[in-house]
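Written out below as structure tokens is the structure these notes cover.
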Amino acid sequence: LETVPTIKALRSKAEAIRALELEKTLARLGEGMTNKQKKAVEDLTKSIVNKLLHGPMTALRCDGADPGAVSQTLANMEALERMFDLAA
Amino acid sequence: LETVPTIKALRSKAEAIRALELEKTLARLGEGMTNKQKKAVEDLTKSIVNKLLHGPMTALRCDGADPGAVSQTLANMEALERMFDLAA
Amino acid sequence: PESVHCQQALKEGKRLLKNGSAGAAMVRFEKAHMLARSLGDRVKERRAVRGLAAASRLAGQPRQAVKHLLRVLEISRDMGDFVGDADAYGTIADIYTDIGEFEHAAEYYDKYIARMDNTGSPV
Amino acid sequence: PESVHCQQALKEGKRLLKNGSAGAAMVRFEKAHMLARSLGDRVKERRAVRGLAAASRLAGQPRQAVKHLLRVLEISRDMGDFVGDADAYGTIADIYTDIGEFEHAAEYYDKYIARMDNTGSPV
């Protein structure tokens, strides 16, 4: 459960990047695109981010049953906080 | 320098995800898009991936001068290999 | 014409959300929701409910927001369109994190993680 | 007409690359390169050189591939278009990694990392 705020912070960091880049692209060429196309591009950005973050997110979740797994999950958490600059 | 193969493995993992998702989207709606639009969508996917990976990639590079930094870089490397399943 | 009004209400709701006007946004999304239901347009209905969730969250009504997001998941199931499910589960978990209910948050993050690798198909 | 031939050669080159036909791809990219230069079309010229880099790499000519990629970076600098620079530096580093020259790889990964956070502007 200690990793819950880290999951949220990592999600929000990734979402900020995704939303900003998408907005810049749509501002530049959104005029000539249909709503269906815009939606597909939005879904594309979401699925790339989701697939990329699947590994790190999984590494932040563990059952807590096995003490070895707990310490590894905490190591993963610390590494992710360092790497993605997720100071709480 | 020990982290060099990890950087390559992480790049290639991310690129595989990006290219596959982009291809799926373009196959679905590429017909109705101009070359300029396709290029912009491709650039969008690249810049999202680059911005997301900037932190982890930076964490894999260090001067090697400071021994504390070296051990932290190795810890980052191990965490990334676990999380992104980058078995060499 | 009703469809145009609905579209317009969604658009205004979104703009108000961005401005931080939770109450005014909620009114627009409620209108859009009503119109979408009378039109039988499930895509717009879902967008309206998603808007209601965001407006509730912004207005400091986290439990109401969760309720709306669970409704979003229900509509998606009816439609057989699961693309946004990871998103919805993740947002529910974020809300539980905000209010300190980490057990609930963890439960929903697990559902989020289970869906993030295979967008587009049910798990 | 020359522009169409150039476009076509690029397209065929790409398809051949996908099939793993390095030699045949190289011929197409060389043709595209020549046409692009005679047309003064720098965007197509860069695409052709990028194709030559990929084909060289596939053909087991890593140093040739690096040379082409450095040329891609030169053309980008001339054009003032730096969007693909992180990509090019990263690929050069990958090639050095493949041939075990980790010092060179590290040097180019540093350039790659310096450019990945601000795509579109020079560093």
Side-chain angles (χ1 to χ4, degrees), chain A residues 1-20 22-24 26-27 30-31 34-65 69-70 73-74 76-77 80-81 84 86 88, chain C residues 3-4 6-8 10-11 14-15 17-18 41-44 46-47 50 54 57-58 62 65-66 69 72 76 79 81-121 123:
Chain A
L1 293 184
E2 285 152 288
T3 59
V4 157
T6 308
I7 298 179
K8 186 181 172 220
L10 181 52
R11 268 173 55 74
S12 113
K13 170 113 188 182
E15 174 59 18
I17 290 171
R18 188 196 68 78
L20 178 67
L22 177 65
E23 202 179 312
K24 282 197 284 188
L26 291 184
E31 297 280 315
T34 65
N35 281 336
K36 201 186 138 200
Q37 285 173 333
K38 284 187 212 171
K39 174 71 166 55
V41 172
E42 184 175 353
D43 286 347
L44 167 64
T45 61
K46 282 184 184 174
S47 69
I48 289 175
V49 170
N50 279 342
K51 284 185 180 152
L52 263 179
L53 291 188
H54 182 254
M57 290 297 184
T58 304
L60 287 171
R61 292 290 306 137
C62 83
D63 294 8
V70 172
T73 302
L74 293 180
N76 291 336
M77 180 181 86
L80 285 169
E81 287 182 348
F84 285 101
L86 306 176
Chain C
S3 161
V4 173
C6 182
Q7 187 71 40
Q8 205 171 355
L10 286 170
K11 210 170 166 179
K14 264 195 175 175
R15 188 179 52 75
L17 264 188
K18 263 201 180 168
D41 184 333
R42 308 231 66 188
V43 173
K44 287 204 181 72
R46 186 171 59 176
R47 281 172 62 197
R50 215 181 265 128
R57 193 179 176 190
L58 188 63
V66 168
L69 286 165
V72 166
S76 296
M79 292 169 64
D81 169 16
F82 304 90
V83 176
D85 281 12
D87 240 19
Y89 282 117
T91 307
I92 292 174
D94 285 349
I95 292 170
Y96 279 124
T97 305
D98 285 340
I99 58 177
E101 297 188 12
F102 287 8
E103 292 273 1
H104 282 133
E107 182 191 324
Y108 281 97
Y109 279 136
D110 284 344
K111 290 176 197 269
Y112 157 69
I113 291 166
R115 278 150 188 89
M116 62 198 300
D117 207 17
N118 44 358
T119 332
S121 55
V123 177

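Side chains included, hydrogens not; waters and symmetry mates left out as well; all remaining heavy atoms used. Just so it is clear: chains get the letters A, B, ... in the order the sequence lines come, proteins before strands, and each one is counted from 1. Worth saying up front: this structure is predicted, and the values here are computed from it rather than measured.
- For the pair C:D98/A:K8, a side-chain contact is recorded, criterion being any heavy-atom separation below 4.5 Å from C-beta on.
- Taking CD1 of C:I113 as the reference point, atom CG of A:N50 lies at 11.0 Å (rounded to 0.5 Å).
- Both the backbone and the side chain of A:L53 come within less than 4.5 Å of a heavy atom in chain C.
- The two residues A:V4 and C:A105 come nearest to each other via the heavy atoms CG1-CB, 3.7 Å.
- Using a cut-off of 4.0 Å between Lys/Arg side-chain N and Asp/Glu carboxylate O, C:D94 and A:R11 are scored as salt-bridged.
- C:M116 places a side-chain heavy atom less than 4.5 Å from the side chain of A:M57.
- Summarising the geometry, atom CG belonging to C:D117 is positioned 10.5 Å from atom OG belonging to A:S47; distances are rounded to the nearest 0.5 Å.
- One distance of note links CZ of C:F102 with CD1 of A:I7; it measures 10.5 Å at 0.5 Å rounding.
- Looking at residues two or more places apart in sequence or on another chain, you find a ring-ring contact (aromatic ring centres under 6.0 Å, His included) between C:H104 and C:Y96.
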Practice item. Show the numbers, then the answer: is there a salt bridge (charged side-chain N to carboxylate O under 4.0 Å, His left out) between A:R61 and C:D110? Key: CA-CA 8 Å; A:R61 292 290 306 137; C:D110 284 344; 2.5 Å; yes
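- Taking the ring-ring contact (aromatic ring centres under 6.0 Å, His included) definition, one finds that C:Y109 meets it with nothing, sequence neighbours left out.
- Nearest heavy atom pair, residue C:T97 against residue A:P5, reads CG2-CA, 4.2 Å.
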